[in-house]
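Sequence positions, counted from 1, serve as the residue numbers for this chain. Whatever order the structure lists ligands and atoms in, that order sets their numbers, starting from 1.
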Amino acid sequence: MILRRFLFAAFAITLAALWTSVPGRAQNNNLIPQPAKLTPGDGRLEINGDFRVALAGYQEGRLQAAALRLIARLAKQTGIPFSDVLASDPGKATLVIRCDHASKPVQLLGEDESYQLEVTSAQALLTAANPLGVLRGMETFLQLVELDEKGFRAPAVRVEDHPRFAWRGLMIDSARHWMPVEVMKRNLDGMAALKLNVLHWHLADDQGFRVESKEFPKLQEMGSDGHYYTQDQVREIIAYARERGIRVVPEFDMPGHTTAWVVGYPELASAPGPYSLERKWGIFDPTLDPTREEVYKFLDGFIGEMAALFPDEYFHVGGDEVNGKQWDANPRIQSFLREHGLKNNHELQTYFTRRVQAIVQKHGKKMIGWDEVLHPDLPKDIVIQSWRGQKSLAEAARQGYRGLLSAGYYLDLIYSAASHYAVDPMEGATAGLSPEEQARILGGEACMWSEYVSPETVDSRIWPRMAAIAERLWSLQSVKDVDSMYRRLEVVSRNLEGLGLTHRSSFPQMLGRLVGETPPTSLQTLSGLLEPVKEYSRGEMGEYTSFTPLNRLVDATRPESDAARGFAKLVENISANREQIRQQLTHWRDGQQTLVPLLQRSFLSQEDVPLSEDVAALSQAGLEALDYVEAGKHAPENWLNEQQALLDRAAKPRAELLIMIVPSIRKLVEAAR
Ligand code: ACM
């Protein structure tokens with residue numbers, strides 16, 4: 001039995017090794033997302049000062065602009081000052097782009113995004129049916145360009161590529177923390193680099209109403225603290241997204257999460273006002289009144305105005321987290337339930353959803369809602385966005401609705417890239433669906449809720465982890481190698497910086513502010529061994545409002561500790577990596593000893609002293625454990641007890657931060673037992 005299992009394991013490992021050597025599966029390139037098919041060729045295409053791009057076939061301004069952006073980005077990537085003139089003769093171009101025809105005037109869900117890219121040592125040829133495929137292929141070309149001992153070059157290769165899912169999105173919450181236009185634009189650049197195609201824009205919530213309405217100006221005038229997008233700015237962002245092959249789907253969350261609406265229009269609420277903007281985070285009572293015709297009249301006007309402003313075919317009406325308290329407390333609403341035979345608040349919400357869906361449809365749009373709106377009696381052309389678990393996605397598909405997966409892709413929960421990468425829209429609860437039901441699963445969206453991010457920190461919460469989700473949604477289901485993903489994530493993370501994203505550059509700046517001087521490397525090291533607490537723990541640990549400065553170490557610290565992950569790999573094999581482990585621990589211990597006095601001098605960093613001290617103590621514990629292991633001695637009981645106490649203390653969050661090397665130190669201590 002054991003032997004058979006061993007043989008099977010050996011067979012599986014051999015098979016896996018063969019599998020990874022098949023072209024296109026090797027993932028030893030830097031491409032993210034991995035293309036559907038990649039066949040390596042011979043030789044390399046040199047990228048030098050003679051680099052030229054030629055456009056052939058169908059032409060439009062968007063293609064020319066994209067070609068000029070490609071040249072500018074390549075110039076940034078290589079430092080070579082290219083001429084930004086497009087070549088008219090394809091024979092003289094390094095990269096020839098051949099496009100067959102136009103794409104739709106308003107980008108449609110499911111439009112062809114496929115492309116082929118053939119790179120030889122003489123020339124690269126990118127062909128696509130329409131500009132969307134060209135845009136996707138350009139990103140692949142840029143990612144192929146590497147530095148080697150001879151220069152900048154792209155390996156000869158043939159790529160045939162298309163997305164696995166038609167809907168690959170990122171939701172950004174501009175309501176809880178205001179996200180200025182430039183934040184939206186640089187994140188659209190990042191999305192385009194990862195072949196994402198939907199920006200889901202969460203534009204109104206209890207803490208802010210962020211779009212100018214000309215019909216109902218009190219929405220932004222009283223509901224935004226002056227932080228809202230004018231309609232011109234909205235059009236500017238939509239145009240910017242279209243240039244990059246990205247649809248923009250607005251979300252106006254209702255009937256809950258509507259405090260910001262009812263500050264200016266209290267008559268829409270289910271209880272008398274007056275109301276003021278919510279400053280805290282959570283689920284609040286103000287809810288639109290589903291029983292009054294005036295509310296639908298208002299929504300007809302408002303949705304009509306927004307439907308004209310946002311050209312996308314889809315319109316998101318939220319529908320999540322209705323606590324029903326105002327409905328329960330209102331006798332008129334209670335008698336409405338009885339008169340209409342509605343058994344509970346969920347049925348009342350479904351009544352509301354139906355009415356809203358009719359309005360959305362009247363204005364030429366298809367409705368999307370969070371999974372709370374799911375009810376078997378709604379029209380089947382609506383889309384359900386599954387956030388409370390994959391079960392609701394399966395349920396929606398079974399009931400005949402199309403769906404999107406967001407459960408498992410919540411970037412604000414501060415999980416690892418690997419954990420997001422492991423979530424697949426077609427696995428888990430959806431695995432048992434029929435092919436017809438599976439075809440209703442359109443893809444997924446990552447969610448960047450903004451309770452604990454500001455314009456300064458939001459990029460670092462989105463990038464680079466978003467790239468792992470982008471690969472899950474674009475690449476074949478079989479692309480799953482976590483080590484390969486992390487290796488490529490590091491490459492893309494550096495390249496994203498060239499697009500103006502601040503996920504890396506904000507880090508030293510924020511550390512510098514924390515201590516009031518150029519941050520020493522020991523502070524970067526400390527932060528690099530930490531992670532912010534997960535899920536919604538920050539809200540339980542601190543008193544947060546819209547006005548709380550996000551300027552602490554927890555804000556500067558990135559979601560995922562690469563150093564701790566690397567160290568955990570070393571500790572998987574202590575005897576083989578003893579020297580490296582010792583070096584790391586010595587470096588961490590010695591660095592922290594000089595850091596404590598610096599941290600004590602600033603009111604912002606005093607709270608981090610225990611973290612620094614514990615990193616030093618943990619490093620020392622690891623070193624002592626290694627001494628016992630190397631000497632072949634069992635550590636004495638009192639030493640083990642002391643380390644146990646240290647480990648237990650260090651495993652608890654302090655200053656809303658976790659020390660991520662604790663499990664590895666525990667392993668070392670156990671090895672000395
Ligand atoms: C949600 O996270 N409330 C959709």
So, applying side-chain hydrogen bond (donor to acceptor under 3.5 Å, both in side chains) with Asp206, which one of Arg176, Arg279, His257 is it? His257

Has ligand 1 got any nitrogen or oxygen that is less than 3.5 angstrom from a nitrogen or oxygen of Tyr410? yes

N/O to N/O below 3.5 Å, does that happen between His257 and ligand 1?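 Among all N and O atoms of His257, none is under 3.5 Å from an N or O of ligand 1.
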
Pair Trp261 and Phe209, ring centroids less than 6.0 Å apart: yes

Mind checking whether Trp327 and Phe336 have ring centres under 6.0 Å apart?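 Ring centres of Phe336 and Trp327 not closer than 6.0 Å.
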
Indicate whether the side chain of Gln34 and that of Trp474 have a donor and an acceptor atom separated by less than 3.5 Å. no

Near Glu321, which atoms of ligand 1 are under 4.0 Å from a heavy atom of that residue? 3 (N)

Atoms of ligand 1 close to Trp449 [distance to a heavy atom under 4.0 angstrom, numbered from 1]: 1 (C), 2 (O), 4 (C)

Does ligand 1 have a heavy atom under 4.0 Å from the side chain of Gln385, from its backbone, from both, or from neither?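 For Gln385, there is no contact with ligand 1 at all, from either part.
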
One pair to check against salt bridge (Lys or Arg N to Asp or Glu O under 4.0 Å): Asp328 and Lys325. What are the steps and the verdict? CA-CA 5 Å; Asp328 292 338; Lys325 286 187 190 167; over 6 Å; no

Who's the nearest protein heavy-atom neighbour of atom 3 (N) of ligand 1, and how far? Asp320 OD2, 2.6 Å

